[in-house]
Number of protein chains: 2
Amino acid sequence: MAAHTPRPTAAPEDAGRTPGLRERKKQQTRDALVQAAHELFLGQGFARTTVDEIASAVDVSQRTFFRYFANKDEAALAVMAEAEDYFIECLHHRPADETPLQALRASIIKAWRDLGNDKASGPGSITSALELMRLIEDTPTLLAAHLRRVTEQERIVVRVLAEREGLDPREDLRPTVLAAVFGSVLRAAHLSWTADREPEGPEGMIALIEQHFDQLGPALAGHWRTPAT
Amino acid sequence: MAAHTPRPTAAPEDAGRTPGLRERKKQQTRDALVQAAHELFLGQGFARTTVDEIASAVDVSQRTFFRYFANKDEAALAVMAEAEDYFIECLHHRPADETPLQALRASIIKAWRDLGNDKASGPGSITSALELMRLIEDTPTLLAAHLRRVTEQERIVVRVLAEREGLDPREDLRPTVLAAVFGSVLRAAHLSWTADREPEGPEGMIALIEQHFDQLGPALAGHWRTPAT
DNA sequence: GGAGATTATGTCAGCGACTGACATTCGGCA
DNA sequence: TGCCGAATGTCAGTCGCTGACATAATCTCC
């Protein structure tokens, strides 16, 4: 979310312009809906919160809610979605001399670090991100929707990697395989974070991510008779 | 009717016995529901099939449907679930001298091969499995539910691997990481299968799985400047 | 072989997510 | 100012899903 305020919409110079009252109001009610949904979900659970509640908390009709979000899930996952977009953006900017795996690792760490610095508190903060991930993890329908989103992100990662290394993902399986592996290891780290003892700030999460990635080699290697590092 | 055939109901050796009329009928209507759901979903799509349709195709009430399945998704994914259970069973029986990764690869291949031989046609056959996977892949809500199921299976895999190698998954990250990697590579192979050109039988799928696993090393290794094998 | 306990099923009423259609209001712009 | 299009509200309806209660089928045990 760090570099996100200027949302380029159409023309190149139009980029920084004030997007007009209508557009601003739209963004405003959307934010308000996400915010309200967030609070209600965390306060009383996902299932026990009705869309009507969210809508009337922002003073719009239920129908309007569904014009902003395809379903209740989407409102809950909106925050995560922004973070994921930022990760993709980071990946685009990695130097070409990094290996694909290095680029992925560096991007995800940069993303967490920036997001952590950017918003130390308030909605979208790291602490509320943790709460949100906990909510997702033990709300089956939310978890399902989230996993689907993640796999869609993976497709984008495949494209970016293939482009970066100049090869065709339909010919060469490496981008697909690496994106899949990356995503799953990341998710394992996420799980540890939510399940674990002391949920430290972003640095704690970063440490967890690195730990998990460092086990990639050992996990794939032969037997496990010797203890891991 | 058969008032007194020897029908011990609680004894341990009862395991293989005919499970009683009630139990048999239950299994029967459950199978019929899965079957009907399967046909309707493939015929007219998941969203355009109502639960009422499925129920009345088997001549039971809608309420009964929901006593067998928690939701519409579950009926669609029931076939997959059986296959996944069989995979876990295979994993349990792998010899101890295989490395964890080898055991996983061997189990999934055995599972596909056995299921392929077992049911050459009809419901639950390989061809209808392919159709089902296509349906899942382009039905967002089904895909989401399926992914959630897969991650639950992964947890079991973690347990089995940890037990097999005699270590504690909370201390040692390798089981978790390997299970995650395995699951994601498998899913990549599944995607190729559904998206791909010639959907050959189970052997085609097995070949695809092996291709993907063989790219694990190359994908994680340094740069990709040299073409993959 | 029948009385009584279990258990599957049906029926009914109701909530909540989601959608299409149409009316209304509000911002953008000549 | 006045028109156009976009955002919103209203309404009615479908469908997934659930709790409560009644009924009918199986099971158990005497």
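Reminder, nothing fancy here: chain letters follow the sequence lines and each chain counts from 1.
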Q) Is R67(B) side chain donor-acceptor paired with the dG10(C) base, going by distance under 3.5 Å alone? A)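 Indeed, a donor on one side and an acceptor on the other fall under 3.5 Å apart.
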
Length of the line joining [X]:[atom1] and [N]:[atom2], which is rounded to integer Å:
X	N	atom1	atom2	result
Q28(A)	dT8(D)	CD	P	11 Å
K72(B)	dC17(D)	NZ	P	8 Å
F66(A)	dA7(D)	CZ	P	19 Å
N71(A)	dC15(D)	CG	C1'	15 Å
F69(B)	dT18(D)	CZ	P	14 Å
Q62(B)	dG19(D)	CD	P	14 Å
R22(A)	dC4(D)	CZ	C1'	9 Å
F41(A)	dG16(C)	CZ	C1'	13 Å

Respond yes when some side-chain nitrogen or oxygen of [X] is under 4.0 Å from OP1 or OP2 of [N], and no when none is.
X	N	result
K25(B)	dA8(C)	no
K26(A)	dA6(D)	no
S61(A)	dT8(D)	no

Q. Any idea which of dA17(C), dG5(D), dT9(C) is nearest the T50(A) side chain?
A.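 When the side chain of T50(A) is considered, dA17(C) is the closest of dA17(C), dG5(D), dT9(C).
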
Q) For the side chain of V51(A), counting heavy atoms from C-beta on, which of dA17(C), dG10(C), dA7(D) is nearest? A)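 The nucleotide sitting nearest to the side chain is dA17(C).
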
Salt bridge or not for [X] and [Y], using N-O below 4.0 Å?
X	Y	value
R159(B)	E163(B)	no
R187(A)	E137(A)	yes
E131(A)	R134(A)	no

Q: Determine the contact category for Y68(A): base if any of its heavy atoms lies under 4.0 Å from a base atom, sugar-phosphate if only primed atoms, P, OP1 or OP2 are that close, otherwise nothing.
A: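 Touches sugar-phosphate only.
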
Q. What is the nucleic acid contact for T49(B), judged by heavy atoms within less than 4.0 Å: base, sugar-phosphate only, or nothing?
A.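 Sugar-phosphate contact only.
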
Q. Should the ring pair W193(B) and W112(B) be called parallel, tilted or perpendicular, given that the plane angle runs from 0 to 90° and is split at 30 and 60?
A.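 Judged by the thresholds at 30° and 60°, the geometry between W193(B) and W112(B) is perpendicular.
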
**Q.** Residue whose nearest DNA chain C nucleotide is more 5′ - E23(B) or R63(B)
**A.**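 Result: E23(B).
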
**Q.** Stepwise salt bridge (Lys or Arg N to Asp or Glu O under 4.0 Å) check, E23(A) with K26(A)
**A.** CA-CA 5 Å; E23(A) 211 59 33; K26(A) 233 168 58 168; 3.8 Å; yes

